[in-house]
There are 2 protein chains.
Amino acid sequence: MTECSGDLRARRRMRTADTIRKAALRLVVTRGIDNVTTEMIAHEAGISLRTFFNYFAFKEEALMPPPIDFDERAIACFNEGRDSLLNDVATLLLTQFEDVDEDRAQLRFLFELSQTHPKLVLVRDKAFQQYEDIICKLIAGRLKVAPDALRPRLMAACIAGAIKVAMSGWVRSSEGTAADHVRRALAALETLFSEN
Amino acid sequence: MTECSGDLRARRRMRTADTIRKAALRLVVTRGIDNVTTEMIAHEAGISLRTFFNYFAFKEEALMPPPIDFDERAIACFNEGRDSLLNDVATLLLTQFEDVDEDRAQLRFLFELSQTHPKLVLVRDKAFQQYEDIICKLIAGRLKVAPDALRPRLMAACIAGAIKVAMSGWVRSSEGTAADHVRRALAALETLFSEN
DNA sequence: GCAGATTTTGCATAGCACGCAATATCAACA
DNA sequence: TGTTGATATTGCGTGCTATGCAAAATCTGC
């Protein structure tokens, strides 16, 4: 197996996963989450039920956003570290929020749904955990310490937590963009505990 | 329905829930989580399968620790606010870790399990979310602001995140007590982002 | 001990999730 | 272009999860 083949297969795999995700989302939007079965999703995506479970461990996972991968340039810029760490993290993360309206609408729909539907709460938290892990690795890289050291892990936990708070605030208030909320929350972290 | 009856029923309900929790834990410890069914748990707890689902929405929820309630005195002390907010939070939270060895062993067992078993990851995060909500209310009370204001929510998110980091560090390192790890993590929050 | 409210339970059922083995598809090489 | 080994897809069978519903049991206050 050459590298090329692995790449091809990986890409194909990602495309199929995305097809399933889109199918699941479409069905949930139109029929409501409680009226969508795994069989429907598989059928809508043009695969067998068994294949669905080759891609996702459980039904709700198909409604999770795919793992993010940051722009190479953005990561390099982050590692240089022109600004304070917190600001640079904000800059890096907010490149993610430059998406088109359709994506934002989907994000909002899922986030709203995840606040009421119990199983989606779990899925949302899992997504944030993955997010936190990535941020932790990035910070550890910039600080030149091990990824499981206390400091990067704490920082990542706070940042991920702040993003979660910001997002739920955004969904509820509907004032300003999601990026605004995230920016504000991250900025508040700096002096959160130092001024009492 | 008088207040007394409600109290009686609530207490009875909590006792039953606890019986189920203990039964579930006992079975999981002895047989391994993959070999335990809801029927076994119900049987072990002396109730019907249907009743199990009256108490827990899904199987793994029976392995979640019950919602904590802080000591009245401790809360009052926290609201007075002798020390810095972060220190007082630490003091308040660490009253929770004064438990007997048996409880700590259980906590550790479940936390270890939750790091490998996918569905328990979800449950653990849900437990931490509840924890975060309680902390948020407490902080909001002390700061005399609304519980859904940005500052208490951010603080609670950071504190809950720090505790999660501390706990997973504790389970992995097995050096020092859980309280030590939590204390250290919370102390680190103060200057986490202010010194770059 | 009776009436009303609440809880428990049995039963039926749709759906979830996985193991297994057969089949199909694909990338590489001769 | 056909062969080969690897990977992906699929069908089938199965046990378990989780819920609705209505009957039975149990509580509570009077």
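So you know, we letter chains A, B, ... as the sequences are listed, proteins then strands, and number each from 1.
Within the 3.5 Å criterion, the main-chain N or O of B:S194 finds no donor-acceptor partner in the side chain of B:T191.
Phosphate contact (OP1/OP2 of C:dT8, side-chain N/O of B:T51, threshold under 4.0 Å): absent. Taking only side-chain nitrogens and oxygens, A:Y55 never comes nearer than 4.0 Å to OP1 or OP2 of D:dA8.
Ring pair A:F70/A:Y131 is tilted by interplanar angle, where 30° to 60° counts as tilted.
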In B/S/- notation, 5' to 3', how is nucleotides 13-23 of chain C contacted by protein heavy atoms closer than 4.0 Å? --SSBBBB---
N/O donor to acceptor pairs below 3.5 angstrom from side-chain atoms of residues 153-160 of chain A, sequence neighbours left out:
| residue | atom | partner | partner atom | Å |
| --- | --- | --- | --- | --- |
| A:R153 | NH1 | B:S168 | OG | 3.3 |
| A:R153 | NH2 | B:S168 | OG | 3.3 |

Kindly list each side-chain donor-acceptor pair under 3.5 angstrom involving residues 74-82 of chain A, sequence neighbours excluded, with atom names and distances?
| residue | atom | partner | partner atom | Å |
| --- | --- | --- | --- | --- |
| A:E80 | OE1 | A:R82 | NH2 | 3.2 |

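Shown for residues 13-33 of chain A: no residue has heavy atoms falling under 4.0 angstrom of DNA chain D.
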Quick one: which protein N/O atoms are closer than 3.5 Å to N/O atoms of nucleotides 23-26 of chain D? Pair and distance per line, please.
none

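Annotation: salt bridge (Lys or Arg N to Asp or Glu O under 4.0 Å) contacts of A:R184 (sequence neighbours excluded): none. Applying the side-chain hydrogen bond (donor to acceptor under 3.5 Å, both in side chains) test to A:T91 and every residue at least two apart in sequence or in another chain returns nothing. Taking the ring-ring contact (aromatic ring centres under 6.0 Å, His included) definition, one finds that B:Y55 meets it with nothing, sequence neighbours left out. With sequence neighbours excluded, the residues forming a side-chain hydrogen bond (donor to acceptor under 3.5 Å, both in side chains) with A:S48 are A:T51, listed by chain and number.
Listed by first and then second residue, the side-chain hydrogen bond (donor to acceptor under 3.5 Å, both in side chains) pairs involving residues 134-146 of chain A are A:D88-A:R142 (not counting sequence neighbours). For the side-chain hydrogen bond (donor to acceptor under 3.5 Å, both in side chains) condition, the pairs that include at least one residue of residues 19-28 of chain A, sequence neighbours left out, are A:D18-A:K22, A:R26-A:E44. Residues in residues 60-78 of chain B take part in these side-chain hydrogen bond (donor to acceptor under 3.5 Å, both in side chains) pairs, two or more places apart or across chains: B:E61-B:K126.
Put simply, CG on A:N54 is 16 Å from P on C:dT25, counting in whole angstrom units. The separation between B:R11 atom CZ and D:dC27 atom P is 15 Å, rounded to whole Å. One can place CG of B:D34 at 15 Å from C1' of D:dT17, the figure rounded to the nearest angstrom.
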